[in-house]
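Report on the structure given below.
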Amino acid sequence: MLSPSEKNFLPHLLQRSFAGDSLYLIKMRPLVPIEVENDLIGYKTKIVEMVFDPSRIVEVNGRFEAEGFLIPEKMNVIAVNEDGTILVWGGPNCVFWLRKGEPISEGWDDNVAFEDLGDLTHRFKFKNKKAEIDDMIAQLKQTFSKQ
């Protein structure tokens with residue numbers, strides 16, 4: 001059971017975590033094209049474009065919906081793969097792969113690329129500064145207040 005002070009701190013902690021994860025994705029942009037893999041489940045792909053933009057989440061998702069991808073609610077497109085699939089992030093913080101026109105599998109298990117976003121990004125050893133995280137939180141607040 002959480003104490004009252006822990007309950008008050010939890011939303012702040014979640015904001016910082018989401019902001020840090022968003023920064024990791026942005027910091028991957030200069031690395032593409034890049035091969036990534038998840039040895040545990042055998043997923044491997046070559047990312048050719050990092051499209052995640054926290055200031056344009058609706059527009060980015062809309063681009064792929066217009067192309068025929070079925071983006072699950074509360075998920076964000078983060079990358080385009082060489083084979084024409086895309087990577088989406090959200091829900092239980094997993095990264096899933098999707099093909100154009102195909103829904104995510106029931107239970108989502110068949111589409112898991114990485115069990116956690118960190119499984120994709122942490123191998124690059126990115127570091128986020130407090131100021132970067134604070135700026136990203138402000139940017140995310142602005143983005144989500146428009147929705």
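These values consider heavy atoms only, across backbone and side chains, with no hydrogens, waters or symmetry-generated copies. This structure is a prediction, so every number in the text was calculated from the model and none was measured.
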Handout entry: Nearest atoms (heavy-atom pairs only) where D109 meets S105
Key = N-OG, 3.6 Å
Exercise for the section: Might you work through the side-chain contact (heavy atoms from CB on, under 4.5 Å) test for E115 and N38, ending with a clear yes or no? Expected result: CA-CA 9 Å; E115 294 87 352; N38 180 342; 2.8 Å; yes
Fill in the blank from the handout: The side chain to side chain contact (heavy atoms under 4.5 Å, CB included) partners of P72 (sequence neighbours excluded) come to M75, L98, I104
Handout entry: All salt bridge (charged side-chain N to carboxylate O under 4.0 Å, His left out) counterparts of K27, not counting sequence neighbours
Key = E132
Problem - Spacing of C94 atom SG and L120 atom CG [to the nearest 0.5 Å] - result: 12.0 Å
Pairs of donor and acceptor atoms involving the side chains of residues 39-47, under 3.5 Å and at least two apart or interchain, shall be tabulated with distances.
from	atom 1	to	atom 2	distance (Å)
Y43	OH	N81	ND2	3.4

Practice task
Assign the ring pair W89 / F52 to parallel, tilted or perpendicular, where the plane angle (0 to 90°) is split at 30° and 60°.
Solution key: perpendicular
Exercise for the section: May I have the step-by-step check of side-chain contact (heavy atoms from CB on, under 4.5 Å) for F18 and M136, ending in yes or no? Expected result: CA-CA 9 Å; F18 186 70; M136 181 57 63; over 6 Å; no
Handout entry: Side chains of E82 and P33 in contact at under 4.5 Å (non-hydrogen atoms)
Key = no
Exercise for the section: Check the surroundings of atom CD in E106: do more than 12 heavy atoms from other residues, nucleotides or ligands lie under 6.0 Å from it? Expected result: no
Exercise for the section: Output the distance between atom OG (S22) and atom CG (N128), rounded to the nearest 0.5 Å. Expected result: 9.5 Å
Completion exercise
Between A113 and L87 the two heavy atoms that sit nearest each other are CB-CD2, 4.1 Å
Problem - T121 and its side-chain contact (heavy atoms from CB on, under 4.5 Å) partner, picked from V36, L25, I78 - result: L25
Problem - Under the side chain to side chain contact (heavy atoms under 4.5 Å, CB included) test, residues paired with K130 that sit two or more places apart - result: R16, D134
Practice task
List in chain and number order the residues that pass side chain to side chain donor-acceptor pair (under 3.5 Å) with D53, two or more places apart in sequence or in another chain; answer none if no residue qualifies.
Solution key: S55
Problem - N76: partners by side chain to side chain donor-acceptor pair (under 3.5 Å), with sequence neighbours left out - result: none
Completion exercise
Residues at least two apart in sequence or cross-chain that pass side chain to side chain contact (heavy atoms under 4.5 Å, CB included) with E65, listed by chain then number, are I71
Problem - Donor-acceptor contact below 3.5 Å, side chain N111 vs main chain W97 - result: yes
Fill in the blank from the handout: Sorted by chain and residue number, the side chain to side chain contact (heavy atoms under 4.5 Å, CB included) partners of R63 (sequence neighbours excluded) come out as E49, V51, E67, V80
Completion exercise
Sequence neighbours excluded, the answer for side chain to side chain donor-acceptor pair (under 3.5 Å) partners of D110 is none
